[in-house]
Amino acid sequence: MPEVRAMAEKLNVGGQGSPFAPEEAEILGVADLTALEKLFKLRLTGGRSLGHAPGQFVEVSVPGFGEAPISICSSPTQREIFELCVRKAGTVTAALHGLKAGDRIGVRGPMGRGFDVEEMAGNDMLFVAGGLGLAPLRSLINYVFDRRERFGKVWILYGAKTPQELLFTNEFDAWRKQPGTELMLTVDRPDENWRGTAGVITVLFRKLPKVDPKRTYVAVVGPPVMYKFVLLETLSLKIPRNRIFCSLERHMRCGVGRCGHCQINNVYVCKEGPVFRFSQMESLPESFA
Amino acid sequence: MERVVTAKDLAALADDMLRAGRTVAGPVRRKERYFYEAVSRGADLAFDFNYCVYSPRSFFFPPGETLLTYSIGTNELNVAPEAPRTSPVIMGVHPCDCNAIGLLDAVFGSGVPDDHYLARRKDSVVVAVDCHGPCDPTAFCRDMGGNEAQEGFDVMLTPLNGGKGQAAERYLAAAATERGRELLAYNKVGKEPARADRDAAEKFREAKAANFSRRLPYAVEKLPAILDRSYNSLLWQVTAKRCYSCGSCNLVCPTCYCFTVKDVPDLSCASGKRVREWDGCQLQDFATVAGGHNFRPESSSRLRHRIFRKGKWIKEQQGRMGCVGCGRCDRACTAKISVVEIYTQLAEEA
Amino acid sequence: MASAAPVSAKPKIAVFSLTSCEGCSLAILELEDVLLDILGKFEIVNFREAMTERSWDIDIGFVDGAVSTPSDVEEVKMFREKCRVLVAMGACACTGGINTLKNYQNEEDYRKYVYGDKWKVFPTIPAQPCSAFVKVDYELPGCPMNKFEFAELAKCVLMGKPFRLPSEPVCVECKKKGNLCLYEKGLVCLGPVTRAGCGAICPTYGAKCEGCRGLVDKPNLQAAADNLTNLYGMKIEDVLAEFRLFGAYQKERIP
């Protein structure tokens, strides 16, 4: 018990060190991606580089509306700015959608554990994204392309409900042009202009060329319902469970492992995650909720 | 440092603290129950009480508090973190609640430290008072190890007389921390203990050990393993049939620390505050994310979550039991769902 | 920091009453100095309790009272047409309120009781909430409604922020206040299944919660029936009577 006081003395508590105090960030630009999603380009006005790892998230504040956890969708190789892909889903994100370039918001972070890019380096990469899951994966995808020589083959499997809901479509050509890279798309409900694959994300695994399970890392991000099915596919490729990474969505309210909202079994997603290895998830039954 | 103090000495000490400008709180009798309240005179404090309906947790982690204030200017984010200034002196805390404070210290002090909690805790003083025996039939502190204070206090008062329905009037006050020594040195409260006083204290402890009996049919060290085997037990669903998901068990718990954060604009809408409020994992929307998906939609899974936190997960995370056995959750449950019964039934099935 | 732009012009508001004591309308007039700031941001264009001029160009209409007569049905439909946003205010408008007690009595008997020998002149229908007839955008439940919640809704409207009622039960507010649970005093209270937002005002003053704010989103009514009969010795008829006082016209039914 004396430790807590020693700590308080050391911190000189009195408000300035509140873990809830956000940093100011300026919106440099806003782009419409779909009917529901906008891409925000941001810069910390204090001049600090966010310095995130792919897969980490920030708590975004719109004063009066509250705070929401949003995954960072830009590559850390872009040091001066960072990007957030925001779906209008709740109070805070709706308020964000009403903002424009020049407006200021609050940011805390980066938070949580992202993808272990050092461990992944030197291997082939299989990305599997469903819907908004492409946002956090884009951070890793663009990181891999910015360090192309450090990685082997790249497969990107991406599914959305409709063609209109596909995100970052303007980057697809650049991805396809990357050496040793294949981008495969599918939609659940195609329209008359859709010439690609139709069906849920798992159909793309039928089209996947042979992957070498000994030198492939998998990164999966999608809606809760998707994980079980995708993981079964990756397991049948015989990829070891500790090389399959998933980013889990939960309500990370405080971001510092305390408020309890993001807890799955005995771990706080905001601290131990949001990126987990499948080998970890097996002992966390709630991660498949 | 040890002193022998009477209830009157303690009241006088509380008055000294009040004169020194401190907030003093402790058990106050309100009709048939005791509550922790801030007092304006030491004589209002009760040291010989059965239990307080709520734990003293709200003095360090209040049900609602301002984290920061904001104002919406032009192209500027104006936020100012709020610093709590009250660090109370709490006199009359039973061992279970001391241990709970110890757990909260670990939770709010570890990782990214929580300024708001630490600012209240920093200069606080906790005067513990030991128990003769279980305060209520719902208590199972002996099983959880909660009836022996390990941490979370600065001075321990051991009753030297009383018990068996008689109010204690004299206590052996032993400082456990530097802050406790400072408190006892303040105006040299009480007197030096005599040999007879130490003997009386020893006798109290012997009597205490005999007065507390176990309610669980097994040692608490076995609880995590029992829970491990019970993750898919039908008991969760059976028990949840009676559960309202009202969160009362969470809100009266001295070790529950989950919270929510929300913005409260003032009437101008141009400024306001961000507040933190108590929350509870039993409430319907606790694990709901924006967009509406609820990751723990059934009350059975929420019930299991609470029991696992208290019996296993917090211990794994913080090295301390998440439950001190105070029995408040059992008393607060109008559906009469009992943690002890759940722990017992799971062991029978497992 | 420019957030979602506040509404530029003053929103025009109107206040209407159906079958009720009009206490919720009066509660708006009770919004004292501190809340005038809020009301000053609106233009009141139609409010029988407070003014004689009327306009039908309405952004937000507040309705108190249950739909309990054929003319109420016509009126509530007209309000819906005239108001861009319709807010049901108080227990009567949100759940039917105590008006619904008549739904469990013989119609001729209560009409005679109320209107004497002219009873045939006053037609009536079972009392129902506004939402039974028209789409209601927001509800401010309670008997009477909580004027601070009204102010919250007003702020949300001005900020363009969605307004949500608390999803937790009254127990949460009661515990945050540090009250002794009324069950420990031997009373049976509907707090565990009643929607919070009142600040647990009744239990705080020692009166049991009668559920005037309606039920929480997913109330465990089976538990209420079982617990109150098995653990507290109530008869199921008495449990039903407790729930009927304010909550009779709700989708959820005691099993």
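Residue numbers start from 1 in every chain, and the chains themselves are labelled A, B, ... in the order their sequence lines are given, proteins ahead of strands.
Here the shortest heavy-atom pairing between B:Tyr244 and C:Val193 reads CD2-CG1, 3.6 Å. Considering all non-hydrogen atoms of both residues, B:Ala335 and C:Leu231 come closest at O-CD1, 3.4 Å.
Proximity to chain C (any heavy atom under 4.5 Å) is shown, for B:Arg30, by neither the backbone nor the side chain. With a 4.5 Å cut-off on non-hydrogen atoms, B:Asn250 does not touch chain C at all. For B:Ala240, the part lying near chain C is the backbone, with the side chain staying farther off; criterion is any non-hydrogen pair under 4.5 Å. With a threshold of 4.5 angstrom between heavy atoms, C:Cys156 does not approach chain B through any atom at all. Interface remark: C:Lys177 contributes no atoms to any contact with chain B (heavy atom separation under 4.5 Å). Of the two parts of B:Glu32, only the side chain, counted from C-beta on, holds a non-hydrogen atom closer than 4.5 Å to a non-hydrogen atom of chain C.
From C:Met159, atom CE reaches atom CG of B:Asp263 across 8.0 Å, with rounding to the nearest 0.5 Å. Within the model, atoms OG of C:Ser167 and CG of B:Leu283 stand 7.0 Å from one another, a figure rounded to the nearest 0.5 Å. Between B:Ser245 atom OG and C:Asp217 atom CG the span is 12.0 Å, to the nearest 0.5 Å. Atoms CD and CG, on C:Glu152 and B:Leu267 in that order, are 8.5 Å from each other to the nearest 0.5 Å.
Each of C:Val172, C:Asp226, C:Leu228 has some count of heavy-atom pairs under 4.5 Å with chain B, and the biggest count is that of C:Val172. For the options B:Ser58, B:Gly64, B:Ala270, B:Ser268, heavy-atom pairs under 4.5 Å to chain C are most numerous at B:Ser268. Per-residue heavy-atom pair counts under 4.5 Å with chain C were compared for B:Gly247, B:Pro62, B:Cys243, B:Ser299, and the maximum is reached by B:Cys243. Put simply, of B:Glu37, B:Lys31, B:Arg242, the one with the most heavy-atom pairs under 4.5 Å next to chain C is B:Arg242.
Salt bridge B:Glu277/C:Lys176: present, at least one basic N to carboxylate O contact under 4.0 Å. Between C:Glu184 and B:Arg33 there is a salt bridge, since at least one side-chain N of the basic residue sits less than 4.0 Å from a carboxylate O of the acidic one.
With a 4.5 Å cut-off on side-chain heavy atoms, C:Lys175 and B:Ser248 count as touching. Side chains of B:Thr334 and C:Cys181 form a contact here, defined as non-hydrogen atoms less than 4.5 Å apart.
Judged by the 6.0 Å and 45° rule, B:Lys336 forms a cation-pi pair with C:Tyr232.
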